Amino acid sequence: MTEPSRYQPAQLEQRWQQAWERLNLDRTPSFTGGAHADGPPPFYALSMFPYPSGNLHMGHVRNYVITDVIARQARMRGQAVLHPMGWDAFGLPAENAAIERGVDPAAWTERNIASMREQLQRLGLSIDWSREVTTCRSEYYRWTQWLFLQFLEAGLAFQSEATVNWDPVDQTVLANEQVDADGRSWRSGALVEQRRLRQWFLRITAYADPLLDDLPGLTGWPERVRTMQANWIGRSAGAELRFAVIGPDGNDDDLGITVFTTRADTVFGATYVVLAPEHPLVQRLTAPEQALAVAAFCDLVSRQSEQERTADDRPKRGVPLGTMVRHPATGEAIPLWIADYVLAGYGTGAVMGVPAHDERDFLFARRHELPIRPVIVPAGGDEHSFDGSAWSEPGQLIHSGRFDGLNSADAREAIVAWAAEEGWGQAKVQYRLRDWLISRQRYWGCPIPVIHCPTCGVVPVPREQLPVELPSGISVEARGGSPLARLESWWQVSCPCCGQPARRETDTMDTFMCSSWYYLRYADPSNTAEAFSREAVDHWLPVDQYVGGVEHAILHLLYSRFFTKVLHDRGLVGFREPFQRLLTQGMVQGITYRNPQSGRYVAPADVADADDPRDPIDHHSLEVTYDKMSKSKHNGVDPGVVIDRYGADTARMFILFKAPPEKDLEWDDADVEGQYRFLQRLWRLVEAALERGVSLNPAAGANASDLSPEERELRRAVHLAIREVSADLEANQLNTAVAELMKLSNAMAEFLEACGPSVAREAFSTLLLLLAPFAPHLADELWHRLGADPEGNDSIHRQPWPQCDASALERDTLTVVIQVKGKVRGQLEVPATVDRDTLEQLALDSEVARRWLDGRPPSRVIVVPGKLVNLVP
RNA sequence: GGGGGCAUGGCGGAAUCGGUAGACGCAGCGGACUUAAAAUCCGCAGGUCGAAAGACUGUGGGGGUUCAAGUCCCCCUGCCCCCACCA
């Protein structure tokens, strides 16, 4: 008698991972170039690549397992699959590690990559590692630089003065994300200042319209992400109107103030004009007697912190410039002000003040005693009383000259047309989207490949001189400023144009540049002659399924769309959108215990140990929530520990089953146990089958013709499972797909005993094939244990995805529901072939009809074939 | 303030086109096996009434359309996300 075998994932999974590698299972099929044959189209499954922090967390696991299931099933459907992985390897953490611990950023990053790759591989992902891409290696970033030069050549990369966040302690520019809510640097804690510096930008605003207009076509994207992008681009149609400045002599100057408005219909209500304090004309238009007050005000505003500027109850402060402007419609002289509520960065940095019909203007006018002139009334209604607020709805025009009586929408058009005719205005579309600031005064990034020459100006580094290598082995200190700028031997070069001494650009690129095109490089990763061949990208792209966190809904996904459109317009790629389908997976949250009195977070281990003297609080009073996993909350779960204990297949199945992919997932150890139990049950199911002599050996086949009721029932379950799992995968409903696998295994446990070998064989074969994308190691192991591959050199992952046989789903009899006025009152067994009329008759003759209709014939009978009959009295 | 989304048992979550709400799992309860426990197996399980058959009720609240509403329409409440002094 042999020992009963047990499910031991640890050794089993390692063995299969090695076997798959030997079999080259995950290799991307080479494409020969020409049009592919009549077979299924190629499939590109992509996960958002990680930053190599060194630690794999559950969010990564969820992301890559979802993509892996999709990739594995696509392969079984016979598609050529590209499923790559890489590293978003430039960025601040490496530089901070260098500053804090004196390590070399490159070495630190490479070490992290090695360790994360190892952790990842334990998950049994079907990734083609030969296509790995690492953005901080010169064989990659030379092409990032080349792409930058493409933008430069297209006039889409430019230098410009910009107001940026400046940390006076660290002496460096900070990204908006690195300034906290109080307006302090996340590193030094210093109050961040606003400075104007010369920076590099990409002109993403030139693509605002295509980026917006193509959003509705992205039907494979979540609605949420599309609206977020539309919001971010923020297109608003309005008009620019010009107010002439009245000179000291009382005559109109040549100078004018152009304002942007979406409410041209309210122009007759404008009683003043306001500039942003940073507006370039402020100094010039300040009357001498106001100079002091204006200077003081501008200074105050520039020192305002983020918090003050965004406070809810922010007062509308401002000062008059002492200058008047001419109202273009009424000819009146109205005052010119500056105020902190006008933003320099939006529109023209100037607005017309219409206190009667704009809430902010109303508050400002109240505070500074400026006149309020109503020019819109509710259609057919009374004039609004301006005691507490403005009337900002559209309505009917009054006090507006020849436009009186028009409604707001018509008036807008008519007034803009009139202004255009008179030469003081025109229709204008405004965007919220700003140009993308890409330069960083940091070391660990891709160098911007230009040279500044005193005579030739900005000179691109010639293509054959790429890459501009990042110097290695230099000291990165906290002193701030760019370390590259201190490395004279590096930046001192001769101009490629005239040969004179020149200076290399010492800024590096935003890491989002590197991640905006990596999905193209995967298609052709070892090309040394180009960033990618057009043929290769047109073969694999657009990405069929992109999977990643929703936190990239705007930046990365918008930048990538922008890149793709620019490359398309330059003839480098044959598509306009990079990602056909997008799945934004939810967070993985850990159970979090918090002591409501002390506010301290308690580790789960300490919760179990209620006598811990360090936390002398009644543990029953602990607040329990699920939160994003983090060290400080002691709620993290290490993927490595879970894999050690249960194996990768359990971790995969649990994370897929516990919640739909888009929703946040609450990690629960008890549920993980339950998932492990399910896999053990599958193991025992196969063991029991082996004892009964069931085999998948292709040589041992016998076709039974007459099936017993149990056998028919099981076949039904088998083919139902094929249909449901296939449909769930198509819709990315991976949680219900796993539920269907459980249902099938339950049905098998119930009926197998009574089933002959051929039906049992079909059931096991199907169950394991359907299981293969989800629990790849166990599926392969059980498939082999059942003798499917006597030669021992194949894998279940090379088998075709099973097809549903509709005839197996048919039944002899159907159960039809009998309703009376929509309420279920009984059931009826009828032959499956029954026609409509007979079914109706059967229902009328039924016990239910006798009981509920009081002998009167129904006034109406609704028959839903195969489902129900509804009798309406 | 603008926009988007969500609301179903003790919990996570199912439910094509409007057609038997609660699939699948977790936790729970009862039973079998065991000296015992664990593991495993079998069974129960929205709520109320009932010994049971069964009846009534039930998808945040209110109204509507329909033979029939978790699903469609209107109003309200609560929560989540994005943008936000954007003119």
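Convention: sequence-line order gives letters A, B, ...; per-chain numbering from 1. On a predicted model such as this, the values are computed, not experimentally measured, just so you know.
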*Asks:* Checking contacts here: which listed nucleotide (G25(B), C81(B), G5(B)) is nearest the side-chain heavy atoms of N746(A)?
*Replies:* G25(B)
*Asks:* Among U20(B), A87(B), G25(B), find the nucleotide with the atom closest to the side chain of V817(A).
*Replies:* U20(B)
*Asks:* From the set G19(B), C67(B), C83(B), return the single nucleotide nearest to any side-chain atom of V872(A).
*Replies:*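 Closest nucleotide to the V872(A) side chain: C67(B).
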*Asks:* If you assign D668(A) and R681(A) each to the RNA chain B nucleotide with the nearest heavy atom, which residue ends up on the more 5' nucleotide?
*Replies:* D668(A)
*Asks:* When the distance from CH2 of W232(A) to C1' of A84(B) is rounded to whole Å, what number comes out?
*Replies:*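 My rounded result for the distance is 11 Å.
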*Asks:* Give a yes or no answer on whether the side chain of H368(A) reaches the backbone of L370(A) with a donor-acceptor pair at less than 3.5 Å.
*Replies:*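 Side chain of H368(A) to backbone of L370(A), a donor-acceptor pair under 3.5 Å: no, none is there.
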*Asks:* Does a nitrogen or oxygen in the side chain of Y346(A) sit under 4.0 Å from OP1 or OP2 of A87(B)?
*Replies:*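 Looking at the OP1 and OP2 atoms of A87(B), one of them is under 4.0 Å from a side-chain N or O of Y346(A).
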*Asks:* When you compare C41(B) with C26(B), how far apart are their P atoms, in angstrom units rounded to a whole number?
*Replies:*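 About 11 Å, rounded to a whole number of Å.
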*Asks:* Base, sugar-phosphate or nothing for Q733(A)? Non-hydrogen atoms, less than 4.0 Å.
*Replies:* sugar-phosphate
*Asks:* Ignoring backbone atoms, test whether N735(A) places a side-chain nitrogen or oxygen under 4.0 Å from the OP1 or OP2 oxygen of A14(B).
*Replies:*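 So the side-chain polar atoms of N735(A) do come within 4.0 Å of the phosphate oxygens OP1 or OP2 of A14(B), strictly under.
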*Asks:* What's R235(A) touching, base or sugar-phosphate or nothing? Going by heavy atoms closer than 4.0 Å.
*Replies:* nothing
*Asks:* What is the nucleic acid contact for R432(A), judged by heavy atoms within less than 4.0 Å: base, sugar-phosphate only, or nothing?
*Replies:*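 The residue R432(A) makes base contact.
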*Asks:* Taking the minimum atom-to-atom distance to the side chain of S236(A), which one of C86(B), C85(B), A87(B) wins?
*Replies:* A87(B)
*Asks:* Taking only the side-chain nitrogens and oxygens of K658(A), find out if one of them lies under 4.0 Å from OP1 or OP2 of G25(B).
*Replies:* no
*Asks:* Distance criterion of 3.5 Å, no angle test: do you see the side chain of K316(A) paired donor-to-acceptor with the base of C85(B)?
*Replies:*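 Such a pair exists between side chain and base.
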*Asks:* Would you say a side-chain N or O of R684(A) is under 4.0 Å from OP1 or OP2 of C41(B)?
*Replies:* yes
*Asks:* Nearest nucleotide by nearest heavy atom, which residue falls closer to the 5' end of RNA chain B, F260(A) or L868(A)?
*Replies:* L868(A)
*Asks:* Rounded to the nearest Å, what distance is computed from the CG atom of residue L734(A) to the P atom of nucleotide C24(B)?
*Replies:* 19 Å
*Asks:* Any ion pair linking E687(A) and R684(A) (charged N to carboxylate O, less than 4.0 Å)?
*Replies:*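 No.
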*Asks:* Could you tell me whether R825(A) and E847(A) make a salt bridge, using a distance below 4.0 angstrom between a side-chain N and a carboxylate O?
*Replies:* no
*Asks:* Which part of the nucleic acid, if any, lies within reach of V342(A) when heavy atoms closer than 4.0 Å are counted: base, sugar-phosphate only, or nothing?
*Replies:*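 Counting heavy atoms under 4.0 Å across all strands, the contact made by V342(A) includes a base.
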*Asks:* Are R677(A) and C26(B) close enough that a side-chain N or O sits under 4.0 Å from OP1 or OP2?
*Replies:*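 Result: yes.
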*Asks:* Report yes if a side-chain nitrogen or oxygen of R860(A) is closer than 4.0 Å to either non-bridging phosphate oxygen (OP1 or OP2) of C67(B); otherwise report no.
*Replies:*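 So the side chain of R860(A) is within the cut-off, an N or O lying under 4.0 Å from OP1 or OP2 of C67(B).
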*Asks:* Report the distance from atom CD1 of I257(A) to atom C1' of A87(B), rounded to the nearest whole Å.
*Replies:*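 I257(A) atom CD1 is separated from A87(B) atom C1' by 16 Å.
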*Asks:* Rounded to whole angstrom units, what separation is found between the CD atom of Q675(A) and the P atom of A27(B)?
*Replies:*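 My rounded result for the distance is 12 Å.
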*Asks:* By the rule that syn is within 90° of 0, classify the base conformation of C41(B) as syn or anti.
*Replies:*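 Anti conformation for C41(B).
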*Asks:* Choosing from U20(B), C82(B), G4(B), which nucleotide comes nearest the side chain of M228(A)?
*Replies:* C82(B)
*Asks:* Counting the atoms with a prime plus P, OP1 and OP2 as sugar-phosphate, which does P858(A) contact under 4.0 Å by heavy atoms, base, sugar-phosphate, or nothing?
*Replies:*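 No contact.
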*Asks:* Between E662(A) (CD) and G13(B) (C1'), how many Å, whole number?
*Replies:*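 Computing the E662(A):CD to G13(B):C1' distance gives 14 Å.
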*Asks:* Mind running side chain to side chain donor-acceptor pair (under 3.5 Å) on T650(A) and Y7(A) for me, showing each step along the way?
*Replies:* CA-CA 12 Å; T650(A) 296; Y7(A) 174 41; 4.5 Å; no
*Asks:* Got a salt bridge between D209(A) and R235(A), using NZ or NE/NH1/NH2 to carboxylate O under 4.0 Å?
*Replies:*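 Looking at R235(A) together with D209(A), the answer is yes, because their closest N to O distance falls below 4.0 Å.
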*Asks:* Let me know the distance between CD1 of I655(A) and P of G12(B), rounded to the nearest Å.
*Replies:*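 After rounding, the gap between these two atoms is 18 Å.
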*Asks:* Specify the separation, in whole Å, of atom NE2 of H279(A) and atom P of A87(B).
*Replies:*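 Rounded to the whole Å, the gap is 17 Å.
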*Asks:* Suppose we call two aromatic rings close when their centres sit under 6.0 Å apart. Are Y626(A) and W667(A) close by that rule?
*Replies:* no
*Asks:* Say you pick atom C1' in U59(B) and the same atom in A21(B); how far apart are they, in whole Å?
*Replies:* 7 Å
*Asks:* Just to confirm, is there a sub-4.0 Å distance from OP1 or OP2 of A84(B) to any side-chain nitrogen or oxygen of R360(A)?
*Replies:*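 No, because none of the side-chain N or O atoms of R360(A) sits under 4.0 Å from OP1 or OP2 of A84(B).
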